[in-house]
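Note sheet for the following structure.
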Amino acid sequence: MTLTSNAAESSATAADLGRELVGRASELVPMIREHAAESSANRAVVPQVMKALEDAELFKLFVPKRFGGHGVGMRTTMEVLSEIGRGDGSTAWAASLLNVCTWFATTFSLQAQLDVFGENPNAKVSGIFTPGSKAERVDGGYLLSGRWPYSSGSFAADWAALGIALSVDPGQDPRALALVPKEAWTIEPTWYVAGMQGSGSDTIVVEDHFVPDHRIQPFADMQQARYLTPYQAEEQNSNMAFIAVAALVLISPQLGLARHALEITRNKLGGKPVAYTVHREARNSPAHQLGVAKAATNINLAHLLARSAADEIDAWAADRRLPDVETRARIRNDTGVVAELVNSGIDTLMTANGAGSFADVNVLNRIWRDAAIGARHAYVTPEVGKEVYGRVLLGTEDALTMDI
């Protein structure tokens with residue numbers, strides 16, 4: 001068998017696995033929708049849905065095969081999470097954060113990976129980059145204390161990847177991630193918001209917990225894909241661009257939410273009368289035809305842009321290289337543009353469906369609120385992404401100091 005045929009066989013196998021995983025997510029959509037309102041009311045995805053996702057192995061998308069994971073890339077992961085989002089935004093948001101933070105853990109030192117996955121290959125990790133209030137250097141590691149809002153999915157996590165500030169020389173980036181087991185933290189209920197209510201994005205609280213050096217990884221090294229894992233030569237995912245993945249994964253739920261909104265509109269709007277007009281059915285109203293077409297176009301463009309960015313991340317990782325600065329800046333920018341397109345599309349659909357769309361009992365209301373909240377994440381905010389991209393394009397002196 002030639003090298004070319006080996007590569008083709010590997011590609012076919014990966015494509016088959018990707019389709020299977022998306023199919024597993026699709027099969028769960030009715031169940032996820034059935035419990036979506038309950039998850040929002042409980043402020044956390046209900047246990048039966050979490051168990052179904054775990055049984056389908058949809059929390060192990062990025063996890064390497066040596067730990068029993070799927071080891072799939074960014075494109076497949078985004079498609080799976082988007083399909084979960086077609087069921088419910090909060091469920092997809094929690095699943096997205098648990099998948100990406102679990103990937104963070106797979107890039108740490110081998111000893112740290114064994115700490116997390118050695119006795120529990122199904123371990124799930126939540127996380128937050130913002131440093132806590134205390135990271136005191138002690139013999140062999142750091143003593144941590146603080147509060148870390150808002151850690152999505154923490155209700156189901158076994159570990160947390162928490163931002164800390166290291167003791168470094170002046171001018172160096174002090175930021176790092178530390179892996180902390182769930183026994184070391186409590187959850188403070190703080191996630192009382194308009195949307196993504198079931199994501200469980202509460203605050204992790206830690207008091208004087210010792211983290212050994214092998215469970216700490218500098219943020220600056222992760223940003224440059226200089227991960228501590230010894231498996232970069234063998235594993236594609238151990239070479240993915242850190243910020244690009246951390247940002248792009250967040251628009252996966254948005255894509256699913258938009259598809260759900262369009263699905264509802266196509267199923268229900270056409271036969272509705274248009275109040276105060278001559279149109280007895282909205283399908284015959286030019287205003288509604290144009291509005292739905294515009295929304296569908298924006299949603300299609302969002303998917304195309306997101307898939308292109310995911311494919312680029314995977315291609316560079318397969319080549320065992322970090323994308324160049326301009327590519328990373330563009331992906332950061334495109335993440336925000338995807339959110340803009342999705343929210344514009346959903347807003348247009350809300351208008352087409354009328355004021356009743358905002359009723360508490362209307363699923364479109366929850367979709368609209370979830371998408372609006374998701375688009376406000378710091379790594380998704382369109383204006384920040386555009387500034388980052390513009391600085392790189394124009395060669396601004398401090399462009400390389402930004403998170404890209």
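Just so you know, these numbers use all the heavy atoms, side chains as well, and skip hydrogens, waters and symmetry mates.
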**Request:** Output, in order, the C-alpha distance, side-chain angles, deciding distance and verdict of side-chain contact (heavy atoms from CB on, under 4.5 Å) for Thr13 and Asp16.
**Result:** CA-CA 5 Å; Thr13 301; Asp16 289 342; 5.6 Å; no
**Request:** List the steps and the verdict of salt bridge (Lys or Arg N to Asp or Glu O under 4.0 Å) for Arg86 and Glu83.
**Result:** CA-CA 5 Å; Arg86 195 170 63 83; Glu83 189 66 2; 2.6 Å; yes
**Message:** Is it true that Arg280 and Asn284 share a donor-acceptor pair across their side chains at a distance under 3.5 Å?
**Reply:** no
**Message:** Between Leu364 and Ile264, is there a side-chain heavy-atom distance shorter than 4.5 Å?
**Reply:** yes
**Message:** Do Val180 and His209 have side chains that approach each other closer than 4.5 Å (heavy atoms only, starting at C-beta)?
**Reply:** yes
**Member of Ile164, Leu166, Ile243 meeting the side-chain contact (heavy atoms from CB on, under 4.5 Å) criterion with Phe219** = Ile243
**Request:** Taking the side chain as every heavy atom from C-beta outward, state whether Leu262 and Val292 have any atom pair closer than 4.5 Å.
**Result:** yes
**Request:** Identify whether the distance between the nearest side-chain nitrogen and carboxylate oxygen of Glu188 and Arg147 falls below 4.0 Å.
**Result:** yes
**Test item: Ser90 side-chain N/O and Gly198 main-chain N/O as donor-acceptor pair under 3.5 Å** = yes
**Prompt:** What are the two closest heavy atoms between Ala176 and Pro218, and how far apart are they?
**Reply:** CB-CA, 3.9 Å
**Asked** Is Arg43 reaching over with its side chain to a backbone N or O of Ser39, donor-acceptor style, under 3.5 angstrom?
**Response** no
**Prompt:** CG/Leu21 to CG/Leu58 distance, rounded to the nearest 0.5 angstrom?
**Reply:** 6.5 Å
**Item:** Check: Phe155 and Val45 side chains under 4.5 Å, non-hydrogen atoms
**Value:** yes
**Request:** Give the C-alpha distance, both sets of side-chain angles, the deciding distance and a yes or no for side-chain contact (heavy atoms from CB on, under 4.5 Å) between Val274 and His288.
**Result:** CA-CA 9 Å; Val274 183; His288 289 75; 3.6 Å; yes
**Message:** For a 4.5 angstrom cut-off between non-hydrogen side-chain atoms, does Phe104 reach Phe242?
**Reply:** yes
**Prompt:** Going through the checks in order, is the side-chain hydrogen bond (donor to acceptor under 3.5 Å, both in side chains) test met by Thr107 and Gln217?
**Reply:** CA-CA 9 Å; Thr107 71; Gln217 187 163 204; 3.2 Å; yes
**Item:** Closest approach of Ile331 to Ala309 (non-hydrogen atoms, all atoms of both residues)
**Value:** CD1-O, 4.1 Å
**Asked** So, Asp360 and Arg366, do they make that salt bridge, N to O below 4.0 Å?
**Response** no
**Fill in**
Tightest non-hydrogen contact, residues Ala160 and Ile204, listed as CB-CD1, 3.7 Å
**Request:** Indicate the ring-plane relationship of Trp103 and Phe62, choosing parallel, tilted or perpendicular according to the 30° and 60° boundaries.
**Result:** tilted
**Request:** May I ask you to say whether Asp213 pairs ionically with Arg137, meaning some side-chain N is under 4.0 Å from a carboxylate O?
**Result:** yes
**Asked** Any side-chain donor paired with an acceptor under 3.5 Å for His214 and Asp115?
**Response** yes
**Item:** Neighbour count above 12 (heavy atom, 6.0 Å) for Glu234 CD
**Value:** yes
**Message:** Under a 3.5 Å threshold, yes or no: a donor from one side chain and an acceptor from the other, between Asp202 and Ser154?
**Reply:** no
**Over all atoms of both residues, closest heavy-atom pair of Lys124 and Ala156** = CE-O, 3.1 Å
**Request:** Heavy atoms only: give me the nearest Pro382-Ala375 pair and the separation to one decimal.
**Result:** CD-O, 4.3 Å
**Request:** Can you measure from OH (Tyr389) to CG (Asn333) and round to the nearest 0.5 angstrom?
**Result:** 6.5 Å
**Side chains of Ser145 and Asp208, donor plus acceptor under 3.5 Å** = yes
**Message:** Salt bridge or not between Glu235 and Arg320? Use side-chain N to carboxylate O under 4.0 Å.
**Reply:** no
**Prompt:** Any salt bridge between Arg259 and Glu263, counting N to O under 4.0 Å?
**Reply:** no
**Message:** Can you list everything that forms a salt bridge (Lys or Arg N to Asp or Glu O under 4.0 Å) with Arg330? Sequence neighbours excluded, please.
**Reply:** Glu312
**Prompt:** Is any NZ, NE, NH1 or NH2 atom of the basic residue among Asp314 and Arg75 found under 4.0 Å from an Asp or Glu carboxylate oxygen of the other?
**Reply:** no
**Gln113 side chain to Thr229 side chain, donor-acceptor N/O pair below 3.5 angstrom** = yes
**Message:** Please check this pair: side chain of Asp319 against backbone of Ala315, looking for a donor-acceptor N/O pair closer than 3.5 Å.
**Reply:** no
**Request:** Locate the shortest heavy-atom distance separating Pro131 from Ala165; write the atom from each residue and the value.
**Result:** CB-N, 4.1 Å
**Prompt:** Is the backbone of Leu349 close enough, under 3.5 Å, to the side chain of Asn353 for a donor and an acceptor to pair up by distance?
**Reply:** yes
**Prompt:** Would you say the side-chain atoms of Thr327 and Asp324 include a donor-acceptor pair closer than 3.5 Å?
**Reply:** yes
**Message:** Quick check: do Asp347 and Thr351 have side-chain heavy atoms less than 4.5 Å from each other?
**Reply:** no
**Polar side-chain atom of Glu38 near backbone of His35 as donor-acceptor pair, under 3.5 Å** = no
**Tyr379-Asp403 side chain donor-acceptor pair, cut-off 3.5 Å** = yes
**Message:** Walk me through whether Ser152 and Ser199 qualify under side-chain hydrogen bond (donor to acceptor under 3.5 Å, both in side chains).
**Reply:** CA-CA 6 Å; Ser152 304; Ser199 63; 4.5 Å; no
**Test applied, salt bridge (charged side-chain N to carboxylate O under 4.0 Å, His left out); reference residue, Glu79; option that passes from Arg307, Arg19, Arg24** = Arg307
**Message:** Counting neighbours of CH2 on Trp368 that are heavy atoms of other residues, nucleotides or ligands and sit closer than 6.0 Å, is the number greater than 12?
**Reply:** no
**Prompt:** Checking Ser40 side chain against Ala37 main chain: does a donor-acceptor pair fall under 3.5 Å?
**Reply:** no
**Request:** Take Glu207 and Lys134 through the test salt bridge (Lys or Arg N to Asp or Glu O under 4.0 Å) and record every step on the way to the result.
**Result:** CA-CA 9 Å; Glu207 293 185 11; Lys134 172 187 173 182; over 6 Å; no
**Asked** Judged by atom type as modelled, is there a donor-acceptor pair below 3.5 Å linking the side chain of Ser96 to the main-chain atoms of Ala92?
**Response** yes
**Request:** Please say which of Asn237, Val100, Ile313 ends up in a side-chain contact (heavy atoms from CB on, under 4.5 Å) with Met74.
**Result:** Ile313
**Prompt:** So, Gln254 side chain and Ala371 main chain: donor-acceptor pair closer than 3.5 Å or not?
**Reply:** yes
**Prompt:** Going through the checks in order, is the side-chain contact (heavy atoms from CB on, under 4.5 Å) test met by Arg328 and Val392?
**Reply:** CA-CA 10 Å; Arg328 282 180 280 146; Val392 170; over 6 Å; no
**Asked** If we only count heavy atoms from C-beta on, is the Leu53 to Leu28 side-chain gap below 4.5 Å?
**Response** yes
**Any donor-acceptor pair under 3.5 Å from Ser344 side chain to Leu341 backbone** = no
**From CA spacing to verdict: side-chain contact (heavy atoms from CB on, under 4.5 Å), Asp55, Lys51** = CA-CA 6 Å; Asp55 289 347; Lys51 184 179 186 304; 2.7 Å; yes
**Ring centre gap for Phe108 and Tyr227 strictly below 6.0 Å** = no
**Message:** Are the side chains of Val342 and Ile299 in contact, using a 4.5 Å heavy-atom criterion?
**Reply:** no
**Prompt:** Just by modelled atom types, is the Gln232 backbone N or O under 3.5 Å from a matching donor or acceptor in the Asn239 side chain?
**Reply:** yes
